[in-house]
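The next block holds one structure in the form of C-alpha cells; read it before the comments.
Counting starts at 1 for both ligands and their atoms, in listed order. Computation of the quantities below employed the complete heavy-atom set of this structure, encompassing side-chain atoms and omitting hydrogens, waters and symmetry-equivalent molecules. One-based numbering along the sequence shown.
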Amino acid sequence: MSDKAWDQIEAYINEIENTECSDMQALEQFRIRFLGSKNILKGLFSEIRNIENDRKKEYGQKLNDLKSLAETKFQQFQSLLKKSEREGSKKTMDMSLPASPFHQGSRHPVSLVMNRIIDIFEKIGFVVSEEREIEDDWHNFTAMNTPEDHPARDMQDTFYLKNSVTNLLRTHTSSVQSRVMTSQEPPIRIIAPGRVYRNETISARSHCQFHQVEGLFIDKNVSFADMKQTLLYFAREMYGPDTKIRLRPSYFPFTEPSAEMDVYWGLKDEIDYRITKGTGWLEILGCGMVDPNVLINCNIDPEIYTGFAFGMGIERQAMLKYNISDIRLLFENDVRFLKQFSSVI
Ligand code: DAH
C-alpha cells in the first residue's frame with residue numbers, strides 16, 4: 001500500500017499541474033476535490049502510519065507540498081477568473097444608463113473666507129507662512145512687546161498647557177511674526193492663517209477657538225502710507241471696488257502707532273444697524289507699524305528696517321458673508337449646515 005501512496009502523490013501533482021479551470025464551476029469542482037472538507041488528500045494523510053519510519057518525514061513533506069500546490073493553483077485560478085469577470089462586465093456596461101450619484105463635498109465657510117483672503121494677498125507678493133498652535137510664552141507675548149507684568153496680557157485670556165508655565169495655545173497669529181522674524185532676513189512679506197485659542201465663555205458671538213489671518217511686511221522704508229494702501233486694496237478686493245475704509249487710532253503692544261480698520265457697510269436695513277451699532281462702519285482688523293522693540297527682540301535693526309503688520313478674525317467675516325447668526329455653528333460640523341456651502345468654491 002505504501003508504494004501506492006507515493007505513486008498517488010505523484011499522480012495528483014501531475015493532475016493539478018495540468019488542470020485548467022475555465023469557469024467558476026470548474027474552480028469549485030477543483031476546490032472540492034483538493035481542498036474541500038472531504039478532499040482526496042485526506043486518505044493520503046492517514047496513510048502516513050503505514051510508511052516506513054525512516055521515510056515518514058519525507059512523506060509528510062511531500063504531502064504538505066502537494067497541499068500547498070493545490071492551494072496556490074486555486075488562488076491563481078480564482079484571481080484570474082475574477083479579473084476576467086470584471087473586465088467582461090466592463091465590456092457590457094450600458095452607457096445609456098443614468099450614472100450613479102456623485103456626492104460632492106463642500107468647503108467649510110471658514111476655509112472659503114480664509115482662502116479668499118490668502119488669494120488677495122498672494123496677488124501682491126505675500127507668501128503663506130504656517131506655524132505651530134502650541135507656542136511658548138516668548139513668541140506669543142514677550143517677543144511681541146508684552147512682558148510678563150504687562151497689563152495687555154489681560155486682553156487675551158490664555159490657555160496654558162497643564163503643568164507648564166511657558167507653553168500655551170497661541171492666543172493670536174501674531175506669534176507667527178516673531179517666529180518668522182527670528183528665522184528669516186528682511187525683506188519679509190508673509191501672510192499667516194491659522195487657529196487661535198482664548199479662554200472665553202462660548203456663546204453665539206464668541207468661542208474659545210477661532211481663526212485669524214496675520215500679515216507682516218518688513219523692508220527698508222516701509223511707511224504707514226504703504227500699509228494704508230495695502231489694506232485699501234484688500235478691502236476693495238474683498239468687499240467690492242467701491243468699498244470705503246477708515247483707520248481709527250487704537251492700541252496694540254506690538255505696533256506703534258496702532259489702528260483699527262473699519263469698512264463702510266452701510267445702513268440699508270435693520271440688521272445693518274445692529275451689526276454696525278448704528279454707525280454704518282464695521283471693524284475688520286487691527287494693524288500698525290511694527291514697534292521697534294519687536295524688531296529688536298527678533299534681532300532686526302530698527303534703524304535700517306521698518307514694517308507694518310495686521311491681524312484679522314475670520315469667523316466674523318464668514319458670518320457676515322453667509323448670514324450666519326451663531327458662531328457655534330462653525331464648529332459643530334453638522335452636515336446639514338455644511339452641505340449648504342457645496343455650491344460655493
Ligand atoms: N493680534 C491682535 C489680536 O489678536 C490683532 C492684531 C492687531 C494683529 C494689530 C496685528 C496688529 O498684527 O498689527 O487681537
Side-chain angles (χ1 to χ4, degrees), residues 110 114 117-118 121 126 128-133 135 137-146 150-159 168-182 188-200 205-219 222-232 234-235 245-263 282-295 297-298 300 302 305-317 327:
V110 167
M114 201 136 92
I117 296 170
I118 292 169
F121 282 102
F126 282 76
V128 171
S129 177
E130 281 179 309
E131 266 298 340
R132 62 211 75 190
E133 290 176 18
E135 250 314 345
D137 189 90
W138 191 84
H139 287 91
N140 193 80
F141 288 125
T142 314
M144 300 310 291
N145 201 30
T146 319
H150 200 290
R153 284 205 185 194
D154 298 340
M155 286 162 70
Q156 302 180 356
D157 289 313
T158 311
F159 282 121
L168 46 84
L169 295 177
R170 66 179 178 192
T171 58
H172 53 183
T173 43
S174 302
S175 60
V176 183
Q177 287 192 37
S178 51
R179 285 273 165 203
V180 171
M181 283 191 275
T182 47
I188 292 169
R189 204 184 312 181
I190 58 118
I191 188 102
R195 194 174 299 157
V196 300
Y197 304 84
R198 286 183 204 176
N199 191 359
E200 285 191 27
R205 308 232 113 233
S206 63
H207 209 284
C208 59
Q209 55 169 342
F210 51 100
H211 297 77
Q212 290 186 331
V213 173
E214 190 83 10
L216 177 69
F217 186 10
I218 310 270
D219 204 345
V222 177
S223 68
F224 196 90
D226 294 326
M227 180 183 83
K228 190 176 171 194
Q229 207 53 35
T230 306
L231 295 177
L232 178 64
F234 162 71
I245 62 163
R246 72 176 184 191
L247 291 171
R248 277 179 296 106
S250 184
Y251 170 77
F252 297 102
F254 26 87
T255 42
E256 181 56 39
S258 304
E260 272 167 315
M261 185 179 92
D262 300 342
V263 296
L282 200 64
E283 185 207 316
I284 295 294
L285 53 81
C287 57
M289 299 306 290
V290 178
D291 192 302
N293 286 337
V294 174
L295 296 174
N297 291 342
C298 299
I300 293 178
Y305 293 105
T306 51
F308 65 80
F310 55 89
M312 64 185 112
I314 307 299
E315 275 74 6
R316 204 162 61 102
Q317 297 193 56
I327 193 172

Handout entry: Centroid separation Phe121 to Phe310 less than 6.0 Å
Key = yes
What are the atoms of ligand 1, with element, lying closer than 4.0 Å to any heavy atom of [X]?
X: His172; result: 1 (N), 4 (O)
X: Gln212; result: 3 (C), 4 (O)
X: Gly288; result: 13 (O)
X: Ser174; result: 1 (N), 8 (C)
X: Gln177; result: 12 (O)
X: Ala309; result: 12 (O), 13 (O)
X: Thr255; result: 13 (O)

[Y] side chain reached by [X] side chain, heavy atoms, under 4.5 Å:
X: Val263; Y: Ile245; value: yes
X: Phe254; Y: His172; value: yes
X: Ile284; Y: Leu231; value: no

Fill in the blank from the handout: The option among Ala259, Gly311, Gly215 carrying the non-hydrogen atom nearest to atom 8 (C) of ligand 1 is Gly311
Completion exercise
Checking heavy-atom distances from atom 7 (C) of ligand 1 to each of Phe252, Phe310, Phe308, the winner is Phe252
Handout entry: Met227 to ligand 1, any heavy atom closer than 4.0 Å
Key = no
Completion exercise
Going by the 4.0 angstrom heavy-atom rule, the piece of Glu256 near ligand 1 is neither
Handout entry: Donor-acceptor contact present, side-chain Thr182 to main-chain Cys298, <3.5 Å
Key = no
